[in-house]
Amino acid sequence: MARSCRVLIVDDEILVRQGIKHLLHWEQEGFQIVGEASNGKDALEQIERLQPHIVITDIVMPVMGGAELTRVIKSKFPEIEVIILSSFGEFEYVRSTFQSGVADYILKPKLEAEQLLDILKRTARKIPSLKLEESNDDGSLSIKLVIDKLISGYEVDDDFKDITTAFPYPSYILLGADLKQLPSKSKNQHTASQWMAKIAAEFDSGFDHAVYYPVPTDPNMVVVLVNMDKSEWDRFTFIVRKLAAWTRNQQPEIGWTVGDAFSDWRQLGMNFRDGFLKINAYRFFLPTSNNLIVYGELPKHSEEVAKFNMTRFTEQMNRQQFEEAFQELLRYVQAASNHYQTDVFEFKSFLGNIIFNITIMLGRLELDMKNLEEAKYAYFKSIGEASHVSEAIKLLETFIQETNDVIKTKRSMGGNPNMTMLLDYIHQHYAEPLSLTEIAKHFHFNPSYLSSYFTSHNKEGFSEYLNKIRVEKAADLLKQDFASISEISGKVGYSDHSYFTKVFKKLTGISPSQYKKIHLNKKRN
């Protein structure tokens, strides 16, 4: 009896894997892609389970490359044939794999459907136990392949002749169960396949004028495409709310998402990427008690929050107004979290950046930040993995509490009110023609004593510190593009434009004009 030839694709570039998957009508030609991996180590784990006949592998990959993978395959699974993918400059690697028994190789820049199919068929003929299935269909695509191509962003040609059979009804909608917030132990008990079976059981009971198909997506999600008659909307809604109510009581970490309805199967990819996934991402900000998100039933969103005033925050930190700075930061974060359309990645990036900046600023103030410097990477990782905004904000609050502990320790050991007073004065009057003599006169210090006092209690001397503050202010103004460089020079306290340019380049490594150009280009891009 003829059997499909099972193929495993191994490449560290997802676009290459997707390209190979959609280069052929695999099932029509008698082949079946049973899995894919991003390196040799992952491939070996899958080979044990999937038992492919052919492995198509890239030659240069992280963890374990194609040459080593080939040697292991031929040692442990001599019956499996290997086809190597390589670039022009990798000939020596390819030659070494032929010594290990590789069947053939394909140059990536020359990868074409006809060539790939020819090599696959020639390789399959080398396998004694395998007889390829001969296609007797009319050349149409399988529904699984059509959905996979659309979701991956590929267009489907008009050779999909069974469209009316696969999608007999005029309305389409995506339904998904999000399992990402499940605890690790629960994920083992609530697999995607189990939830797919539960959805299928509900749909199969009395859903007469509808068909549904699984949609390939994140391993921690289950998504189905439902094609139904409009008369089935009430039944569909009933099933969805029933599933959501059940999980609310039994497994409240699971969230359900219903996307926007559409009327053309060709819109599946766009609807999935720009609609369904976007709506599902709102779950990060919405209350955890809301385990069902339905397009059209979303809460009224709040006004978008203005950009965080990083300049003001930096000034407050430099003046050691820590309580005010942290309170404003937390108020901003809370306001941003109430706007559920905020981009999750940008929100998490902001939290990571603010933690990074706080450690740098406090380090400049001679606080003992060693422990927090080491801990910040754990904070970055935990914030990146947070499944809900409440977790991310809690992490920031914990970091601020630890920061406050460091500040209290420093103050209990004896803070320096005179230096705080001096630094605060500099921040307030940096744009004026400041000199150490004038400051000494203002605070009734001896100028010589103040110079040595400043140097011994601050990491920078007076002139160095004043230049640093002025350059930081100038950099902010250059980003805004509201004034010329000569005007900015005067605004931050420099009467000599050429001296300003010299100081700016010394501290930043580039001239003011170069700095301005770089940031203007970033804005345009």
Side-chain angles (χ1 to χ4, degrees), residues 1-135 145 148-149 152 154:
M1 181 179 177
R3 300 162 58 197
S4 290
C5 178
R6 297 190 299 277
V7 179
L8 176 69
I9 301 173
V10 190
D11 197 295
D12 60 324
E13 295 183 41
I14 189 170
L15 291 178
V16 173
R17 300 200 304 268
Q18 292 286 356
I20 294 172
K21 285 167 62 177
H22 301 303
L23 200 58
L24 299 175
H25 296 175
W26 290 82
E27 294 173 7
Q28 175 188 328
E29 300 295 345
F31 295 89
Q32 178 188 6
I33 296 176
V34 293
E36 53 184 283
S38 59
N39 59 69
K41 183 175 180 293
D42 290 344
L44 288 173
E45 292 173 0
Q46 292 196 43
I47 287 171
E48 294 271 7
R49 178 168 47 88
L50 300 173
Q51 299 182 340
H53 297 102
I54 296 174
V55 173
I56 301 176
T57 179
D58 187 16
I59 191 74
V60 177
M61 297 179 291
V63 185
M64 179 188 288
E68 185 179 353
L69 173 62
T70 301
R71 287 193 292 272
V72 176
I73 288 175
K74 285 302 174 182
S75 173
K76 292 187 175 181
F77 312 98
E79 71 282 3
I80 295 177
E81 296 292 344
V82 179
I83 298 172
I84 291 290
L85 290 170
S86 74
S87 299
F88 288 111
E90 298 166 353
F91 176 74
E92 291 301 324
Y93 287 110
V94 175
R95 185 165 64 178
S96 69
T97 62
F98 274 106
Q99 297 170 357
S100 300
V102 72
D104 213 327
Y105 77 97
I106 305 171
L107 288 172
K108 282 186 184 180
K110 296 289 185 181
L111 184 59
E112 296 175 353
E114 186 176 350
Q115 181 197 26
L116 175 60
L117 182 59
D118 179 58
I119 289 176
L120 281 168
K121 287 187 173 181
R122 279 193 280 115
T123 303
R125 292 189 193 104
K126 297 179 181 179
I127 304 172
S129 62
L130 185 65
K131 180 181 178 182
L132 289 183
E133 292 179 349
E134 295 297 331
S135 171
L145 182 58
D148 195 21
K149 290 188 77 168
S152 301
Y154 291 82

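For clarity, every value in this text was computed on a predicted model and none was experimentally measured. Quick note: residue numbers are just sequence positions, from 1.
- Gln46 contributes a side-chain N or O that, together with a main-chain N or O of Glu36, makes up a donor-acceptor pair within less than 3.5 Å.
- Between the CD1 atom in Ile56 and the CG atom in Leu120 there is a gap of 4.5 Å [rounded to 0.5 Å].
- Two residues are said to be in side-chain contact when any heavy atoms from C-beta on lie closer than 4.5 Å; Val16 and Asp58 fail this criterion.
- In Lys126, the NZ atom is crowded: over 12 heavy atoms of neighbouring residues, nucleotides or ligands sit closer than 6.0 Å.
- Rounding to the nearest 0.5 Å gives a distance of 6.0 Å between CD1 of Ile80 and CD1 of Ile73.
- With a 4.5 Å cut-off on side-chain heavy atoms, Ile119 and Arg122 count as touching.
- Within the model, atoms CD1 of Ile20 and CD1 of Ile33 stand 8.0 Å from one another, a figure rounded to the nearest 0.5 Å.
- The nearest pair of heavy atoms linking Ala124 to Cys5 is CB-SG, 4.3 Å.
- Distance CD1/Ile47 to CG/Leu8: 5.5 Å, rounded to 0.5 Å.
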Quick one, Lys76 with Leu44, criterion side chain to side chain contact (heavy atoms under 4.5 Å, CB included). Give me CA distance, side-chain angles, the key distance, then yes/no.
CA-CA 10 Å; Lys76 292 187 175 181; Leu44 288 173; 5.8 Å; no
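- Listed for the Arg17 side chain is no donor-acceptor partner under 3.5 Å among the backbone atoms of Ile9.
- Within the 4.5 Å cutoff, the side chain of Ile84 has heavy atoms near those of the Thr57 side chain.
- A pairwise comparison of heavy atoms in Ala43 and Val10 identifies CB-CG2, 3.7 Å as the closest pair.
- Note that CZ of Arg125 is 13.0 Å distant from CD of Glu81, once rounded to the nearest 0.5 Å.
- For Leu50 against Gly35, the heavy-atom pair with the smallest separation is CD1-CA, 4.1 Å.
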Report the C-alpha separation of Val7 and Ile83 in whole Å, then their side-chain angles, then the decisive distance to 0.1 Å, and conclude whether the side chain to side chain contact (heavy atoms under 4.5 Å, CB included) test is met.
CA-CA 10 Å; Val7 179; Ile83 298 172; over 6 Å; no
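- Heavy-atom neighbours of Lys21 NZ from other residues, nucleotides or ligands within 6.0 Å: above the threshold of 12.
- A salt bridge does not link Arg49 to Glu45: none of the charged nitrogens lies less than 4.0 Å from a carboxylate oxygen.
- Taking CZ from Phe31 and OG1 from Thr123, the interatomic distance works out to 8.0 Å, rounded to the nearest 0.5 Å.
- For the pair Pro62 and Asn39, the tightest heavy-atom approach, listed with the atom from each and the gap, is O-CB, 3.2 Å.
- With a 4.5 Å cut-off on side-chain heavy atoms, Gln51 and Phe77 do not count as touching.
- Comment: Glu29 engages Lys121 in a salt bridge, judged by a side-chain N to carboxylate O separation of less than 4.0 angstrom.
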